[in-house]
Protein chains: 2
Amino acid sequence: MPSPTAKSEATRELLVSTALRLFREHGYEKTTMRAIAAAADVSTGSAYYYFASKDDLVHELYRSLQEEHRSLALPRLREGQNLGELLRIVLNTGVGVMGPYHDFGSNFINIAIKPSATTSPFGSESAVARARAISLFRQAVAMSRPQPPLAIRDDLPELLWYAYMGITLFWVYDSSPDQIRTRRLIDQAAPLLSKLVILSRLPVVRKIVEDIVQLIRGTRQ
Amino acid sequence: MPSPTAKSEATRELLVSTALRLFREHGYEKTTMRAIAAAADVSTGSAYYYFASKDDLVHELYRSLQEEHRSLALPRLREGQNLGELLRIVLNTGVGVMGPYHDFGSNFINIAIKPSATTSPFGSESAVARARAISLFRQAVAMSRPQPPLAIRDDLPELLWYAYMGITLFWVYDSSPDQIRTRRLIDQAAPLLSKLVILSRLPVVRKIVEDIVQLIRGTRQ
DNA sequence: ACTCGGAATTGAACACGTTCGAAAAAGGAG
DNA sequence: CTCCTTTTTCGAACGTGTTCAATTCCGAGT
């Protein structure tokens with residue numbers, strides 16, 4: 001894709017929308033590159049002209065879900081709620097959005113985990129996407145009353161995002177109908193996380209929390 | 001593999017050792033099933049007679065590493081050390097054993113993450129392998145002085161194993177030479193975890209810790 | 001209007017993981 | 001030994017993701 005713009009943008013979009021539809025309708029494995037290309041009335045070679053790999057197409061789904069998560073969650077957050085409730089909303093909205101794709105949740109992680117590519121939630125190359133995901137938690141933290149202690153306020157969103165990653169992992173393995181167990185986990189974990197934040201005010205605890213924050217910061221290179 | 005024993009056991013072992021060698025020498029992707037079969041002087045079909053998939057072969061590597069981790073770590077643990085030091089040893093030994101395979105660390109996770117198969121560290125089907133991994137931490141906990149609070153002693157090994165999984169994830173992304181950053185992380189995190197355990201004695205903290213333990217237990221179904 | 005150069009498209013081809021039907025080897029019972 | 005079943009081996013073949021040389025398309029410069 002050398003030139004910045006062109007009417008081939010339409011082809012690209014068509015491929016994305018086709019791919020996402022097939023992913024939703026037939027799952028990850030049944031949706032072959034040939035099938036996507038055929039459904040979009042282009043050759044397989046053309047599909048590869050726009051997307052470097054099948055994973056790259058899944059990456060589009062990933063971004064799409066992230067945006068949907070954001071646009072669904074933000075309006076549900078009300079200023080002044082306590083952190084636990086806000087977290088509950090953000091997390092539940094998250095698994096709600098992912099729900100239709102539960103059957104290939106593991107493929108998500110497979111792709112997300114690769115240290116290469118822009119998809120990985122951890123790799124340095126996806127710092128932008130990660131920051132955007134974390135900003136959702138930052139918003140929740142900012143809206144919460146009472147406000148979390150200043151000492152951790154800046155790092156809390158990232159920590160909460162890590163927790164979200166853990167819950168996502170649980171979700172992948174959750175074979176209960178409608179992933180009801182994940183919902184229960186969230187309902188319990190959200191207020192718990194909130195309590196932990198409050199706890200960090202305690203003088204004894206604060207020392208260690210500061211150590212932990214330092215540790216996390218250290219991992220950022 | 002219907003019959004329990006046979007001299008075909010030798011063929012199986014040959015395939016395993018060949019595969020592990022090629023994995024070590026050429027990495028994950030360069031080591032094709034055809035290459036493994038050829039190096040073991042059998043047909044690709046035969047390789048599939050013994051192993052359902054390439055992942056299955058990686059699973060053998062996984063188990064091999066786990067045993068090596070165990071047999072290297074256990075003799076290094078001394079009764080009476082504090083938990084932080086014991087943890088440091090277990091964790092460092094772990095990443096040490098994995099070291100030679102760092103280049104396909106992500107493949108490990110890819111395979112481990114699949115909700116199917118016996119490989120997954122979380123899936124219910126690999127309860128045995130997971131229990132064995134956790135037992136290494138149980139040993140460390142049992143040897144530590146002072147002993148962790150009774151309230152969490154039983155669940156602590158599993159929690160520590162989760163921490164180990166997190167560190168492994170960090171290790172996968174650690175591109176520093178010899179994964180030195182992961183070593184630093186371990187050296188900091190181990191005493192920190194130990195301090196957290198001590199903290200759980202505090203009356204205020206204990207309540208929440210009990211909630212967390214309940215939560216973890218709940219996730220076990 | 002013509003040419004030219006890059007953008008876009010194509011379908012065949014490759015390598016890989018995996019499957020499969022059939023054949024060879026290995027036992028075991030008579 | 002012979003027959004029959006079971007285990008083991010084989011290699012061709014399939015479907016997939018991906019690559020690539022070749023071709024067509026299209027717009028800008030003259």
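Letters A, B, ... are given to chains in the order of the sequence lines, protein chains preceding strands, and every chain is numbered from 1.
The side chain to side chain donor-acceptor pair (under 3.5 Å) search around B:Tyr48 returns none, not counting sequence neighbours. B:Asp103 is linked by a salt bridge (charged side-chain N to carboxylate O under 4.0 Å, His left out) to nothing, counting only residues two or more places apart in sequence or in another chain. Listed by chain and residue number, A:Leu14 satisfy the side chain to side chain contact (heavy atoms under 4.5 Å, CB included) test with A:Ser17 (two or more places apart in sequence, or in another chain). Here B:Glu85 pairs with B:Arg88 under the salt bridge (charged side-chain N to carboxylate O under 4.0 Å, His left out) rule; sequence neighbours left out. Residues meeting the side chain to side chain contact (heavy atoms under 4.5 Å, CB included) test with A:Ser53, sequence neighbours left out: A:Asp55, A:Asp56. With sequence neighbours excluded, no residue satisfies salt bridge (charged side-chain N to carboxylate O under 4.0 Å, His left out) with B:Arg76.
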Q. Once each nucleotide of nucleotides 10-18 of chain C is scored for protein heavy atoms under 4.0 Å, what B/S/- sequence comes out, 5' to 3'?
A. BBBB--BBB
Q | nucleotides 21-26 of chain C: protein proximity per nucleotide (B base, S sugar-phosphate only, - neither; heavy atom, under 4.0 Å) | A | ------
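Using modelled atom types, one finds a donor on one side chain and an acceptor on the other under 3.5 Å when comparing A:Arg70 with A:Ser135.
One can place OH of A:Tyr50 at 12 Å from P of C:dA7, the figure rounded to the nearest angstrom. Residue A:Arg12 contributes atom CZ, which lies 17 Å from atom C1' of C:dT9 at whole-angstrom precision. Here C:dA8 presents its P atom at 14 Å from CD of A:Glu13, a figure rounded to the nearest Å. Summarising the geometry, the separation between CZ on A:Phe51 and C1' on C:dT9 is reported as 15 Å, rounded to the nearest angstrom.
Screening residues 28-42 of chain B for salt bridge (charged side-chain N to carboxylate O under 4.0 Å, His left out) gives no qualifying pairs among residues at least two apart or on separate chains.
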